[in-house]
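Values reported hereafter were calculated over all heavy atoms of this structure, with side chains retained and with hydrogens, waters and symmetry mates removed.
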Amino acid sequence: MTGEDHRRILVIGIGAGDPDHVTLAAVRAMRDCEVFFLLDKGARVSELTRLRRNLVAEHAGPGHRVVQAEDPRRDRSPTGPAGYQARVVDWRHRRADLYEQLIRDELAPGRTAAFLVWGDPALYDSTIDALEEVADRGAVPFSYDVIPGVSSVSVLAARHRTTLTRLGRPVRIAPGRHVAASGLAEGEDVAVMLDVGAALSAHHREEGWWMYWGAYVGTPEELLVSGPLADVADRVLELRATARERHGWIMDACLLRAENPEQES
């Protein structure tokens, strides 16, 4: 599929929230796009949509068009691991349905469109998986490329003036639910994304661990806390609850590592 029949999708990582973290590669990619697909998560998180619209207005080329669609809602009621996974799989299938509709109905052959993804599209984001599902269906032919972005865990480490890795030690990147269930393994530092509250609620009294936490990193609303996990976890849980109530949403991450934080192994 080439030339006028070719639909092209760009999955563009836009960083964790600071407009200055949008890379030059992302800016060049945005200038190549005629259509921008923005998924709206509702009135309580309209700030996320506004931020992406501002990036489009600043970096997109003339004549571009923004298509806004409502993101499928995910059932977030409490459930066990199996139920949670089934609900996420169902939500991703419905997202793929929406992507297929957008590409078919809003992107003419020969044109290029973009999905703007917070952080790095390769790190706990469903956009690539959804596009792969649409491509496998074969109903709407297209190709896509991924432009990496600055991840939230990278910004978190930078804000705390530390590193994600230490000499000779592994670091695990995992969602909070997984960390809550699997525990904290000796000798393994953990960067926690998604459901950070689940991990902290399960391990908030663990001794011998140091935590670097941040929410809304790279934005004017940024919150940062560091200290021994057992000493600061309850404070962070309170900050998370207050911030979620105030903003209607929260994006946070934390790095858990064996004390002393300055010690190298």
Side-chain angles (χ1 to χ4, degrees), residues 1-42 45-74 88 91-152 154-155 218-219 251:
M1 183 177 60
T2 59
E4 294 182 355
D5 294 328
H6 180 76
R7 284 182 173 95
R8 185 181 180 218
I9 302 294
L10 298 179
V11 181
I12 304 174
I14 57 173
D18 186 339
D20 288 342
H21 290 168
V22 176
T23 67
L24 292 176
V27 170
R28 286 194 295 267
M30 292 172 69
R31 288 174 181 166
D32 287 341
C33 295
E34 292 95 352
V35 181
F36 292 84
F37 297 136
L38 301 187
L39 299 192
D40 184 1
K41 293 180 179 292
V45 289
S46 59
E47 177 69 7
L48 296 176
T49 302
R50 186 187 67 80
L51 289 172
R52 282 179 293 177
R53 279 188 171 272
N54 288 347
L55 288 177
V56 171
E58 181 174 356
H59 298 302
H64 69 270
R65 184 165 57 93
V66 174
V67 176
Q68 191 165 317
E70 184 176 355
D71 198 9
R73 294 189 178 275
R74 197 176 92 200
V88 172
W91 172 69
R92 288 190 171 192
H93 287 324
R94 288 185 286 117
R95 253 200 168 187
D97 292 340
L98 176 59
Y99 286 9
E100 183 174 353
Q101 176 186 338
L102 290 172
I103 296 169
R104 182 190 64 232
D105 297 344
E106 301 291 349
L107 183 62
R111 301 298 183 181
T112 300
F115 289 95
L116 303 184
V117 175
W118 293 112
D120 186 344
L123 191 58
Y124 285 115
D125 182 79
S126 66
T127 304
I128 293 174
D129 287 341
L131 288 174
E132 280 291 318
E133 181 173 338
V134 176
D136 288 343
R137 295 174 182 177
V140 184
F142 67 95
S143 65
Y144 73 92
D145 293 293
V146 179
I147 291 83
V150 180
S151 72
S152 62
S154 296
V155 179
T219 75
M251 290 195 295

Worksheet item: CD/E132 to OH/Y99 distance, rounded to the nearest 0.5 angstrom?
Response: 13.0 Å

Item to complete: State whether R8 and D145 are salt-bridged, where the test is any N-O pair (Lys NZ or Arg NE/NH1/NH2 against Asp/Glu carboxylate O) under 4.0 Å.
Response: yes

Worksheet item: Any idea which heavy atoms bring H6 and S143 closest together, and the distance?
Response: CE1-OG, 2.7 Å

Worksheet item: What pair of heavy atoms forms the shortest contact from R7 to R104, and how long is it?
Response: NH2-O, 3.7 Å

Side-chain donor/acceptor pairs under 3.5 Å, residues 112-120, sequence neighbours excluded:
unit_1 : atom_1 : unit_2 : atom_2 : d
D120   : OD1    : A122   : N      : 3.0

Worksheet, complete the sentence: Closest non-hydrogen atoms of P148 and T23, given as atom of the first, atom of the second and distance, are O-OG1, 4.2 Å

Discussion item. Quick one, N54 and P19 - any side-chain contact, counting heavy atoms below 4.5 Å?
Written reply: no

Fill in: M30 CE to H64 NE2 distance, which is reported to the nearest 0.5 Å
8.5 Å

Discussion item. Quick test of your reading of the model: are R92 and E133 salt-bridged, counting only N-O distances below 4.0 Å?
Written reply: no

Practice prompt. Check for a donor-acceptor pair, side chain of R52 on one end and backbone N or O of L39 on the other, with a separation under 3.5 Å.
Written response: yes

Discussion item. Between D40 and R50, does any side-chain N to carboxylate O distance fall below 4.0 Å?
Written reply: no

Worksheet item: In Å, rounded to the nearest 0.5 Å, how long is the span from OG of S151 to NE2 of H21?
Response: 10.5 Å

Discussion item. Quick check: closest heavy atoms across A29 and I12, and the distance to 0.1 Å?
Written reply: CB-CD1, 3.8 Å

Fill in: R137 and D97: CA distance, side-chain angles, deciding distance, side-chain contact (heavy atoms from CB on, under 4.5 Å) verdict
CA-CA 10 Å; R137 295 174 182 177; D97 292 340; 2.8 Å; yes

Fill in: Reported CG-to-CD1 distance for the pair L107 and I9, which is rounded to 0.5 angstrom
5.0 Å

Practice prompt. State, with a plain yes or no, whether a side-chain heavy atom of V35 is found less than 4.5 Å away from one of R111.
Written response: no

Fill in: L131 side chain reached by F142 side chain, heavy atoms, under 4.5 Å
yes

Discussion item. Does E34 form a salt bridge (Lys or Arg N to Asp or Glu O under 4.0 Å) with R65? I'd like the steps, not just the answer.
Written reply: CA-CA 6 Å; E34 292 95 352; R65 184 165 57 93; over 6 Å; no

Worksheet item: What distance do Y144 atom OH and I128 atom CD1 have between them, rounded to the nearest 0.5 Å?
Response: 6.0 Å

Worksheet item: How long is the gap from CG on L38 to CG on L55, to the nearest 0.5 Å?
Response: 10.0 Å

Discussion item. Within the 4.5 Å heavy-atom criterion, are Q101 and V134 side-chain neighbours or not?
Written reply: no

Discussion item. Please give me the minimum heavy-atom distance between A16 and M251, naming the atom from each residue.
Written reply: O-CE, 4.5 Å

Worksheet, complete the sentence: Closest non-hydrogen contact found for D20 with D18 is N-OD1, 2.9 Å

Worksheet item: Under the 3.5 angstrom rule, does the side chain of S126 hit a backbone N or O of D129 as a donor-acceptor pair?
Response: no

